[in-house]
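Notes follow once the structure below has been shown.
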Amino acid sequence: MQLITLIYTLNVLMGLMTAMSTNYFLSQLSIGVKNWLLVNCCAWAGITHIVGTVLAFKRIIPSFFITVAVLPLMFYGTMGLFVLPWGGMNNFAQVNHLFMTASWIVSVLYMMNVSDWYGLSMGLLLSIIFFVPLIAKQQAIVHRDWAFYSGLMNGEHIDEELINIERMPDDEGESKDPTYEPNESDESDESETEILEMVDQGEVEPIIEQLQ
């Protein structure tokens with residue numbers, strides 16, 4: 001009973017932190033739901049855990065949902081304590097990371113205390129199956145556009161037009177920044193490439209004319 005009370009207490013604290021962070025990103029910064037899901041992963045991880053534990057304790061869903069969110073809580077919460085520096089606005093996130101870490105630890109201890117080994121193992125297995133691909137996808141997107149998403153995570157206000165920028169494929173099918181502007185070094189590289197191609201084709205006279 002004490003562990004259940006502790007789980008509910010942590011759920012309330014984590015829910016308050018999630019509500020405040022969600023309001024900050026969606027209302028104040030207005031970054032949109034898609035970008036919110038990418039930069040505020042602690043929010044959906046916490047929501048998954050809160051909903052899972054509450055419904056499981058009411059016996060609406062199986063008991064393994066108590067630990068189904070262990071992996072994202074551990075990845076974004078516990079690892080965040082060591083990756084994210086303390087200070088300024090980060091202290092707010094770090095407090096939530098403490099709640100997330102305590103939540104998955106207490107949930108695992110509860111399952112062990114009631115000897116629900118099937119629920120514990122099944123919850124951890126489903127946590128790996130469902131959340132490893134999601135975390136991998138989220139990390140790939142954020143690291144691909146790190147400058148953009150790091151600005152969102154640092155609380156920089158970004159216009160809606162910049163949020164909806166899509167990468168445009170070039171002729172070779174590779175992604176290209178639509179705001180890219182060529183500089184002098186790029187032009188010199190292109191001229192060198194043209195000269196090399198002319199040498200390969202045996203066109204020496206045009207090269208001499210260019211040098212003169």
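The shown structure was predicted, so the numbers you read here are calculated from the model rather than taken from an experiment. We use all heavy atoms of the structure for the numbers below, so side chains are in, but hydrogens, waters and symmetry mates are not.
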Inset, instruction - Would you check, one step at a time, whether the test side chain to side chain contact (heavy atoms under 4.5 Å, CB included) holds for M14 with L73? - result: CA-CA 11 Å; M14 192 162 51; L73 291 177; 4.3 Å; yes

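- Rounded to the nearest 0.5 Å, atoms CE (M122) and CD1 (I66) are 14.5 Å apart.
- Residues in residues 114-124 take part in these side chain to side chain donor-acceptor pair (under 3.5 Å) pairs, two or more places apart or across chains: S63-D116.
- To the nearest 0.5 Å, the span separating CE on M74 from CD1 on I135 amounts to 10.5 Å.
- L81 and V39 fall into different hydrophobic clusters, where Ile, Leu, Val, Met, Phe, Trp and Tyr side chains are chained together by heavy-atom contacts under 4.5 Å.
- Rounded to the nearest 0.5 angstrom, N96 CG and M20 CE are separated by 8.5 Å.
- Remark: the N11 side chain and the T53 side chain contain an N/O donor-acceptor pair separated by less than 3.5 Å.
- Shortest non-hydrogen contact noted between A56 and P62 is CB-O, 3.7 Å.
- By the 4.5 Å heavy-atom criterion applied to side chains, V54 and Y8 are counted as neighbours.
- For I61 against G52, the heavy-atom pair with the smallest separation is CD1-O, 3.7 Å.
- For the atom pair CG (L13) and CG (L98), the distance works out to 11.0 Å, reported to the nearest 0.5 Å.
- Atom CD1 of I50 is separated from atom OG of S103 by 7.5 Å, given to the nearest 0.5 angstrom.
- Side-chain contacts under 4.5 Å among hydrophobic residues (ILVMFWY), followed directly or transitively, place L84 with no other residue at all.
- Applying the ring pair (Phe, Tyr, Trp, His ring centres under 6.0 Å) test to pairs two or more places apart or on separate chains, those with a residue in residues 59-89 are W44-Y76.
- With hydrogens and angles disregarded, a donor-acceptor distance shorter than 3.5 Å links the side chain of S30 to the backbone of S27.
- To the nearest 0.5 Å, the span separating CG on L10 from OG1 on T5 amounts to 11.0 Å.
- Heavy-atom minimum distance, G80 versus Q94: O-OE1, 3.3 Å.
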Legend entry - Check against side chain to side chain contact (heavy atoms under 4.5 Å, CB included), W104 and T67: CA-CA 7 Å; W104 74 258; T67 55; over 6 Å; no

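- A45 and M100 get closest at one heavy-atom pair: CB-CE, 4.3 Å.
- C42 and H97 get closest at one heavy-atom pair: SG-NE2, 3.4 Å.
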Legend entry - CA sep, side-chain torsions, deciding dist, call: Q2, L6, side chain to side chain contact (heavy atoms under 4.5 Å, CB included): CA-CA 6 Å; Q2 293 180 351; L6 184 56; over 6 Å; no

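- A continuous path of Ile, Leu, Val, Met, Phe, Trp and Tyr side chains, each step under 4.5 Å between heavy atoms, connects L37 with F25, placing both in one hydrophobic cluster.
- Nearest heavy-atom pair, L38 versus I141, reported as atom, atom and distance to 0.1 Å: CD1-CG2, 3.9 Å.
- Side-chain contact annotation: T101 with T78, donor-acceptor N/O pair under 3.5 Å present.
- Checked against a 6.0 Å centroid threshold, the rings of Y24 and F92 do not count as neighbours.
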